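The structure presented is a predicted model; accordingly, all values stated were derived computationally and were not measured. A, B, ... follow the sequence lines: proteins, then strands. Residue 1 opens every chain.
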There are 2 protein chains.
Amino acid sequence: MSMEEGTSKEPGYSCCTEDAFQWDTREDCEVRQILDRIGDKWSLLVIALLDNRSLRFSELKKTIDGVSQRMLTVTLRQLERDGLVRRTVHPVVPPRVDYELTPLGVTLHATIQSLVNWTETHQNQIALARAAYDIRTAAEKAGV
Amino acid sequence: MSMEEGTSKEPGYSCCTEDAFQWDTREDCEVRQILDRIGDKWSLLVIALLDNRSLRFSELKKTIDGVSQRMLTVTLRQLERDGLVRRTVHPVVPPRVDYELTPLGVTLHATIQSLVNWTETHQNQIALARAAYDIRTAAEKAGV
DNA sequence: CAGCATCCCCGGTGATACTG
DNA sequence: CAGTATCACCGGGGATGCTG
């Protein structure tokens with residue numbers, strides 16, 4: 001990592017240009033950091049699943065195949081910190097904790113849902129493209 | 001990659017339910033794999049930048065802050081394999097290679113752009129939420 | 001200029017055990 | 001049930017050097 005960055009910019013600085021055709025991709029850019037968060041292994045799935053309903057920790061854990069308890073906890077804490085998910089602790093035994101999208105989270109959900117929809121719609125095209133690429137590549141390798 | 005997948009499901013199997021309220025999150029699900037690809041560290045940035053224009057390798061490298069030559073190459077190969085990016089080699093010296101979105105890539109670009117737009121629009125809200133969370137957390141810790 | 005091969009590190013992640 | 005704490009790992013990714 002770069003170790004000399006603390007002095008380079010003032011607090012209120014907005015790193016993203018208004019030009020839709022070009023935007024700042026600096027690593028310290030707020031947009032980059034948020035995209036990294038959204039694009040991590042689990043956040044997107046959590047937000048997609050928390051569609052206008054609240055789910056318990058165990059329900060999320062059960063629904064998201066492959067997530068460990070630790071990573072689900074970490075992911076939910078990050079999303080809570082970002083103001084995208086609300087965490088509600090019910091003071092009962094055994095403990096019960098519900099998670100739901102905040103209004104801000106709901107607005108993001110819409111965008112993410114369209115990404116999921118795109119994926120579902122085009123998965124066959126991608127599968128075909130991959131197969132074609134692999135065949136082409138194998139042929140070239142054999143042709144050498 | 002997983003080496004034991006051929007036996008678990010038949011080819012035409014669609015892992016995602018039609019119910020928009022619930023979808024399959026199994027790790028071997030095609031949608032999961034594609035979302036992982038889209039959500040990796042660099043793919044999203046590349047697609048966002050390749051908005052209806054072609055860019056040279058060096059231009060992409062220069063524009064995307066922090067990407068190494070290796071990772072840019074790897075990312076572009078994956079996107080090419082997925083049929084999202086077209087790679088054009090010009091037989092000149094020094095070599096010149098252009099990258100542009102395929103028609104399929106263009107359709108994804110639209111969705112990704114809306115995600116970027118969401119991020120730009122709400123970055124201040126998120127920054128505030130984070131600050132509030134940190135203060136709250138620090139207070140609780142001190143209160144213990 | 002573009003990109004492959006190699007080496008190697010480190011932090012994200014899973015596994016496990018323990019608490020309220 | 002819903003966490004927290006700790007440890008060990010391995011693979012993503014950077015650095016470097018070489019090729020067409």
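Shown here are the side chain to side chain donor-acceptor pair (under 3.5 Å) partners of A/N124, two or more places apart in sequence or in another chain: there are none. Not counting sequence neighbours, the partners of B/N117 by the side-chain contact (heavy atoms from CB on, under 4.5 Å) test are B/Q113, B/E120. Evaluation of the side chain to side chain donor-acceptor pair (under 3.5 Å) rule for B/E100 yields B/R86 as partners, not counting sequence neighbours. Qualifying side-chain contact (heavy atoms from CB on, under 4.5 Å) partners for A/V93, counting only residues two or more places apart in sequence or in other chains: none. In terms of the side-chain contact (heavy atoms from CB on, under 4.5 Å) criterion, residue partners of A/S68 (sequence neighbours excluded) are, by chain and number, A/R70, A/M71. Partners of B/S43 under the side chain to side chain donor-acceptor pair (under 3.5 Å) rule, at least two apart in sequence or in another chain, are B/D40. B/D36 meets the salt bridge (charged side-chain N to carboxylate O under 4.0 Å, His left out) test with no other residue; sequence neighbours excluded.
Of the residues in residues 72-92 of chain B, those placing a heavy atom less than 4.0 Å from an atom of DNA chain C are B/T73, B/R77, B/R87, in numerical order.
The interatomic distance linking B/Y99 (OH) with C/dA2 (P) rounds to 8 Å, in whole Å. We find that CG of B/L60 is positioned 9 Å from P of C/dA2, with the value rounded to whole Å. The CG-P distance, from B/L55 to C/dC1, rounds to 16 Å in whole Å.
Within the structure, salt bridge (Lys or Arg N to Asp or Glu O under 4.0 Å) pairs that include any residue of residues 121-133 of chain A comprise A/R130-B/D82 (at least two apart or interchain). Within the structure, the ring pair (Phe, Tyr, Trp, His ring centres under 6.0 Å) test picks out the following pairs touching residues 96-138 of chain B (sequence neighbours left out): B/W118-B/H122.
Nucleotides of DNA chain D with any atom under 4.0 Å from a heavy atom of chain A span, from 5' to 3', D/dC1 to D/dT6.
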B/S/- contact track for nucleotides 14-20 of chain C, protein heavy atom under 4.0 Å
BB----B
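A/T102 places a side-chain N or O within donor-acceptor distance of the main-chain N or O of A/G83, the cut-off being under 3.5 Å.
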